[in-house]
Chemist: 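Below: one structure in structure tokens.
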Amino acid sequence: MPQPATPPPPFDAVPAGAQAAAAAGAPLPVRPAERFAARTAGMTASEIRALFAVASRPEVVSLAGGMPNLAALPLDALAAEVGHLVARDGQVALQYGSAQGVPALREQICAVMALEGIRADPDDIVVTVGSQMALDLVTRIYCDPGDVLLAEGPSYVGALGSFAAYQARVVHVAMDEHGLVPELLRDALRSLAAEGVTPKFLYTIPNFHNPAGVTLAVERRAEVLEICASYGVAVVEDNPYGLLGFSGRTYPALRSMDRDVVYLGSFSKTFASGLRVGWALVPPAVRDRLVLAAESAVLCPPNFTQMIVSRYLAAHDWRSQIKSYTEAYRERRDAMLDALDAHMPEGCTWNVPDGGFYVWLTVPDGVDTKAMLPRAVTARVAYASGTGFYADGFGSRQLRMSYCYPTPERITEGVRRLAGVIEAEMDVMRTFGSPARPALGGGPQAPSPHTP
């Protein structure tokens, strides 16, 4: 009679022979888990990524992820362009390239950035596999373990992940309805200086912020740069949404005011996210180190996707394409705001974004958006809890809602479902006279909901 198979030992279990050897005085072997670098302890899956498996179910209205809506892309024309690229220039497109990026694309990127007042030299641009790679490389070349950097509170979850992976300590600076508050930035720098600490850089998303949806007021921009310069702090400007404003206004980039600003850009929001083409515009003193870091990461970014983007920019009316995107996102933004007005219970507040992808919602005191999330998924709606956008545990009274991907009808239904979940949480508090969930932190000084 066959005997049942013996289950294998755990991956990092110490073999029996090794245990006997240890009993005889020999040292135990090092387990695989003990070989990892210390910095891997800070590498954890983001709360938003963990949502994707659930949020992708067709019965769930996902207001969680910030996926661009590609319905307006001219796919037939792009398919023909890709075919021509392979047929005519396949020997180049499918070959290794430069670690700095295709020269023609770098020149075109200068023209794109000129819309925001940036005057750039193509030699100062490093093309990357999405702007996330650029952010990761910038963090790598700037930060040693234990270094301090500044970021808005809340901040982009992907940035927080990179900062944690390099063991940097994040100090948040609060925003209001006009973006980063200069006086609070000055206070943070003054306090750190008293401790003998100079942050490596300020990381900021000035336009249509992810996740807060607010925009840094133009009159504050020069002041923020002056404050950082006075303390010797670099500025990293992450600007994937800058051309997606709903009013037709394009805000001047921080880089247009100061050539020492490190500027991160991307075609993910204005063309196609799946191509993963981004860039960093850096001062000459930073460029060589950034190229070396890029070579160690990927050797070179793929020629193929860069050349697709370059041909698209050369042969298509990309400005009109951005306008089509913007009109679609404005329609979805309006649907979300109308639904919030119609369905959200009293005590909920939110901002009115002037571009980008996101609305930032604050719930009544006592409601914990992270603890509430499983109940929301059960009600077939998903959002991103505010706690994922802070490095210090705050944000439990906030949540991010994305309007870029669902149809207006799905947005309306998702907000209706979410309002019902919040109302149920508030019913628990009214019934028992206590918070529905223990709060982890309210995210003080989160952006004001009253954006004009």
Side-chain angles (χ1 to χ4, degrees), residues 44-73 75 154 156-158 161 210-211 213 268-269 272-274 325 327-351 353 356-364 367-389 395-429 436-437:
T44 59
S46 75
E47 295 180 19
I48 297 174
R49 195 183 77 185
L51 272 176
F52 281 173
V54 172
S56 61
R57 298 175 187 169
E59 71 274 14
V60 176
V61 178
S62 177
L63 307 176
M67 294 189 301
N69 192 306
L70 304 181
L73 274 180
L75 296 181
Y156 167 50
V157 65
N210 178 8
S268 292
K269 309 303 187 295
S273 55
Y325 277 139
E327 290 171 352
Y329 296 143
R330 181 171 53 229
E331 178 187 18
R332 286 162 168 77
R333 189 268 323 250
D334 291 346
M336 179 167 281
L337 295 177
D338 289 344
L340 289 168
D341 283 333
H343 298 294
M344 277 294 153
E346 186 177 353
C348 293
T349 55
W350 54 89
N351 66 307
F357 286 5
Y358 306 109
V359 167
W360 186 244
L361 178 76
T362 298
V363 297
V367 177
D368 186 324
T369 60
K370 184 175 182 179
M372 184 179 71
L373 185 54
R375 184 167 181 167
V377 172
T378 301
R380 296 172 297 140
V381 62
Y383 59 83
S385 169
T387 55
F389 302 98
S396 63
R397 281 191 59 204
Q398 282 82 38
L399 60 87
R400 189 193 74 178
M401 295 186 295
S402 172
Y403 49 77
C404 52
Y405 189 77
T407 64
E409 294 75 20
R410 292 276 284 175
I411 289 171
T412 300
E413 176 59 20
V415 171
R416 186 192 67 80
R417 294 176 186 177
L418 178 58
V421 175
I422 296 174
E423 184 62 52
E425 296 287 294
M426 296 172 64
D427 282 343
V428 172
M429 291 193 297
R437 316 280 184 192

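These numbers come from the heavy atoms of this one structure, side chains and all, not from hydrogens, waters or symmetry mates. Along the sequence shown, residues carry numbers from 1. Remember, predicted model here, so these are calculated numbers, not experimental data.
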Chemist: To the nearest 0.5 Å, what is the distance between CE on Met336 and OG1 on Thr412?
Modeler: 9.0 Å
Chemist: Give, for atom OH of Tyr383 and atom CG of Leu63, the distance between the pair rounded to the nearest 0.5 Å.
Modeler: 11.0 Å
Chemist: Which residues satisfy the salt bridge (Lys or Arg N to Asp or Glu O under 4.0 Å) test with Asp334, sequence neighbours excluded?
Modeler: none
Chemist: Go through the structure and list residues passing side-chain hydrogen bond (donor to acceptor under 3.5 Å, both in side chains) with Tyr156, not counting sequence neighbours.
Modeler: Gln132
Chemist: If you compare all heavy atoms of Arg417 against all heavy atoms of Glu59, which two are closest, and at what distance to 0.1 Å?
Modeler: NH1-O, 3.2 Å
Chemist: Taking only residues at least two apart or on different chains, which pairs with a member in residues 337-348 satisfy salt bridge (charged side-chain N to carboxylate O under 4.0 Å, His left out)?
Modeler: none
Chemist: Closest approach of Ala272 and Leu73, non-hydrogen atoms and distance?
Modeler: CB-CD1, 4.2 Å
Chemist: Once you round to the nearest 0.5 Å, how far does CH2 of Trp350 lie from CE of Met401?
Modeler: 8.0 Å
Chemist: Please tell me if the side chains of Pro68 and Lys269 come closer than 4.5 Å, counting only heavy atoms from C-beta onward.
Modeler: yes
Chemist: Show your working on salt bridge (Lys or Arg N to Asp or Glu O under 4.0 Å) between Arg410 and Glu413 and close with a plain yes or no.
Modeler: CA-CA 5 Å; Arg410 292 276 284 175; Glu413 176 59 20; over 6 Å; no
Chemist: Under the rule for side chain to side chain contact (heavy atoms under 4.5 Å, CB included), what residues qualify as partners of Ala342, not counting sequence neighbours?
Modeler: none
Chemist: Would the distance check show the side chain of Arg332 and the main-chain N or O of Pro406 forming a donor-acceptor pair, the cut-off being under 3.5 Å?
Modeler: yes
Chemist: I'd like to know if the side chain of Arg400 and the backbone of Ala384 have a donor-acceptor N/O pair within less than 3.5 Å.
Modeler: no
Chemist: With a 4.5 Å heavy-atom cut-off, do Cys404 and Asn69 have their side chains touching?
Modeler: no
Chemist: Which heavy atom of Trp360 sits nearest to which heavy atom of Pro211, and what is that distance?
Modeler: CZ3-CG, 3.5 Å
Chemist: Closest heavy-atom contact between Val363 and Cys348?
Modeler: CA-SG, 4.3 Å
Chemist: Show the nearest heavy-atom pair for residues Tyr329 and Phe357, with the distance to one decimal.
Modeler: CE1-CE1, 3.5 Å
Chemist: According to side chain to side chain contact (heavy atoms under 4.5 Å, CB included), who are the partners of Ala419, at least two apart in sequence or on a separate chain?
Modeler: His343, Met344, Pro345
Chemist: Could you measure the distance from the CG atom of Leu399 to the CZ atom of Phe389? Nearest 0.5 Å is fine.
Modeler: 9.5 Å
Chemist: Going by side chain to side chain contact (heavy atoms under 4.5 Å, CB included), name the residues that satisfy it together with Glu331, two or more places apart in sequence or in a different chain.
Modeler: Pro408
Chemist: To the closest 0.5 Å, what do you measure between OG (Ser402) and CD1 (Ile411)?
Modeler: 8.0 Å
Chemist: Using the side chain to side chain contact (heavy atoms under 4.5 Å, CB included) definition, which of the options Thr369, Thr349, Ile422, Asn351 pairs with Leu361?
Modeler: Ile422
Chemist: Just checking Tyr325: does its OH atom have more than 12 heavy atoms from other residues, nucleotides or ligands closer to it than 6.0 angstrom?
Modeler: yes
